[in-house]
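First the structure, in the form of structure tokens, and then the observations on it.
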Amino acid sequence: MRLFPISLSVATCLLLATWNVQAATATPPLTSGAAAQALYAQWFVPQSAQASASAQQLQHQLQQYCAGTGKVEAVRTQFRQASQDWERLSALAMGPQIERRTARMIDFQPMRLPLLKSALRKAPKDVAAMETIGAPAKGFPAAEYLLWTDVAQPHTPACHYASLVAADLAQELHSLHQANQQAAQFTQLDFDSNGEFINQWVGGLERLRWAAMEKPLRSASADKPAQVTRAASQGTLASWQAQWSTLRHLAAGDAQQPDHVSIARLVEVQGWERLAHEVRTAVQQADAAMQAIQQPTLEQVLPAGKALSQLKHLIENDVALALDITIGFSDADGD
């Protein structure tokens, strides 16, 4: 394992240029039975490229800050960007992301503070040594803690550890992007993959509705604050919206991109135009409820949770029946 170079502007441009070229490559039409696998070229490759580029920039910003030549505000801004790019990518987990267990490796939640303190005492020297550090003590949650809660100061061991955390997650996201590129080129295309897409979409929606939103808020008490995502960085709402933006897009689709994969489009090309309209209407209703959340409180979250549940019910019943898909347990990575 190795650190990425500090000079990133050329590398980042090349990375983004690569997936732009691939996105322009003709993808199989939705009616060919290749719809779900087209997601790799249309979605996973460009989204993982963006997440990888943002993570590399976070590493770069942290290296500058720890060397005394950068500002913590700049690092925090890049952290928000990188974490939201990752959340957009991870909202739908398929293929390499599940196989590599990327979510566990770089976004284990909740972070285990005793393990983080132990890792700081252990003081790994380089990114290779990060392999000896458990997932609960690194990744985005550890970086967030060292940027907001117990702020690592420049020229300190804690800051060096924070830079290694960023390097480690940047390396994993770079590897994930490469794996998605390979999947887009070599994965066999068949109708069965549509079932994986729908099942993992339902799993992603439920992770957002229950695991990310309702469960932490329902478990909170007067002496136990809700353990919601990105609380320290005040990025909880942005985290939820980033995940929802992916689920919304892949459910309703984009009228300007009729050959791109979405649940509504899959239904539509099978001749179920009315059901496709119902899917898009349910997505619009859920979107309005999500946009109405102004604070991460149970009172504000419950109406959105109800709308998301109604959308989920439509997908796992009517849509699954129309597409002859069995809804089962989602094996998307997570804890």
Side-chain angles (χ1 to χ4, degrees), residues 1-20 43-67 70 72-93 96-97 100-109 111 124 126-131 133 135-148 152 159-181 229-230 232-233 235 238-239 242-243 245-246 333-334:
M1 299 176 74
R2 60 184 175 83
L3 287 167
F4 286 98
I6 291 179
S7 179
L8 293 168
S9 57
V10 174
T12 300
C13 289
L14 287 174
L15 182 64
L16 295 174
T18 298
W19 69 255
N20 277 330
W43 185 260
F44 289 114
V45 170
Q47 292 296 324
S48 60
Q50 182 60 53
S52 177
S54 291
Q56 291 181 42
Q57 288 290 350
L58 175 61
Q59 177 194 343
H60 175 54
Q61 292 282 358
L62 257 169
Q63 287 175 332
Q64 286 189 322
Y65 169 69
C66 292
V72 71
E73 290 80 7
V75 185
R76 288 171 172 173
T77 297
Q78 187 57 38
F79 173 89
R80 293 188 181 98
Q81 180 66 54
S83 63
Q84 289 168 33
D85 285 339
W86 154 246
E87 284 153 348
R88 274 185 285 273
L89 171 63
S90 64
L92 179 72
Q97 187 176 314
R100 298 181 61 84
R101 295 183 62 78
T102 300
R104 177 183 176 86
M105 291 174 63
I106 70 171
D107 203 12
F108 186 101
Q109 296 186 44
M111 183 198 70
D126 53 33
V127 74
M130 292 296 287
E131 291 186 352
I133 305 299
K138 55 185 181 180
F140 282 108
E144 181 182 34
Y145 181 86
L146 294 171
L147 287 172
W148 273 274
C159 207
H160 177 66
Y161 182 80
S163 69
L164 292 180
V165 166
D168 184 60
L169 68 87
Q171 184 166 265
E172 170 56 26
L173 285 171
H174 176 71
S175 296
L176 176 61
H177 173 59
Q178 291 181 318
N180 281 330
Q181 288 179 307
T229 305
R230 313 291 185 243
S233 59
S239 170
Q243 294 172 66
S245 69
T246 290
D333 195 16

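These values consider heavy atoms only, across backbone and side chains, with no hydrogens, waters or symmetry-generated copies.
At least one donor-acceptor pair closer than 3.5 Å links the side chain of Lys138 to the backbone N or O of Ile133. Proximity of a side-chain donor or acceptor of Ser54 to a complementary backbone N or O of Ala51 within less than 3.5 Å is not detected. Not one N or O on the side chain of Ser52 forms a donor-acceptor pair closer than 3.5 Å with the backbone of Ser48. No donor-acceptor distance shorter than 3.5 angstrom exists from the side chain of Tyr65 to the backbone of Cys159, with no hydrogens or angles considered.
For Ala93 against Gln97, the heavy-atom pair with the smallest separation is CB-NE2, 3.5 Å. Residues Ala179 and Pro96 approach most closely at CB-CB, 3.6 Å, considering heavy atoms. Residues Gln61 and Ala74 share a closest heavy-atom pair of OE1-CB, 3.7 Å.
The line from SG of Cys66 to CG of Leu146 is 9.5 Å long, rounded to the nearest 0.5 Å. In this structure, CD on Gln64 lies 12.5 Å from OG on Ser163, to the nearest 0.5 angstrom. How far CG of Leu169 is from CG of Leu176: 12.0 Å, rounded to the nearest 0.5 Å. Note: Leu89 CG to Thr102 OG1 = 8.0 Å, rounded to the nearest 0.5 Å. The CD atom of Gln59 sits 9.0 Å away from atom CD of Gln171, with the distance rounded to the nearest 0.5 Å. Taken from CD in Gln50 to CD in Gln81, the straight-line distance is 6.5 Å, to the nearest 0.5 Å.
Considering Leu164, Leu147, Val165 in turn, Leu147 is the only one that fulfils the side-chain contact (heavy atoms from CB on, under 4.5 Å) rule with Leu62.
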Glu172 and Arg101: CA distance, side-chain angles, deciding distance, side chain to side chain contact (heavy atoms under 4.5 Å, CB included) verdict = CA-CA 10 Å; Glu172 170 56 26; Arg101 295 183 62 78; over 6 Å; no

inquiry  = Evaluate His60 against Gln56 for side chain to side chain contact (heavy atoms under 4.5 Å, CB included), listing each step before the verdict.
reply    = CA-CA 6 Å; His60 175 54; Gln56 291 181 42; over 6 Å; no

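Partners of Pro136 under the side-chain contact (heavy atoms from CB on, under 4.5 Å) rule, at least two apart in sequence or in another chain, are Phe108, Arg112, Leu115. In this structure Ser239 satisfies the side chain to side chain donor-acceptor pair (under 3.5 Å) test together with Glu87, Gln243, sequence neighbours excluded. In terms of the salt bridge (Lys or Arg N to Asp or Glu O under 4.0 Å) criterion, residue partners of Arg88 (sequence neighbours excluded) are, by chain and number, Asp85. Qualifying side-chain contact (heavy atoms from CB on, under 4.5 Å) partners for Ala129, counting only residues two or more places apart in sequence or in other chains: Pro124, Asp126. For Phe79, the ring-ring contact (aromatic ring centres under 6.0 Å, His included) partners at least two apart in sequence or on another chain are Phe140, Trp148.
For the residue pair Thr229/Gln109, the side-chain donor-acceptor check at 3.5 Å is satisfied.
At least one side-chain heavy atom of Met130 sits under 4.5 Å from a side-chain heavy atom of Tyr161.
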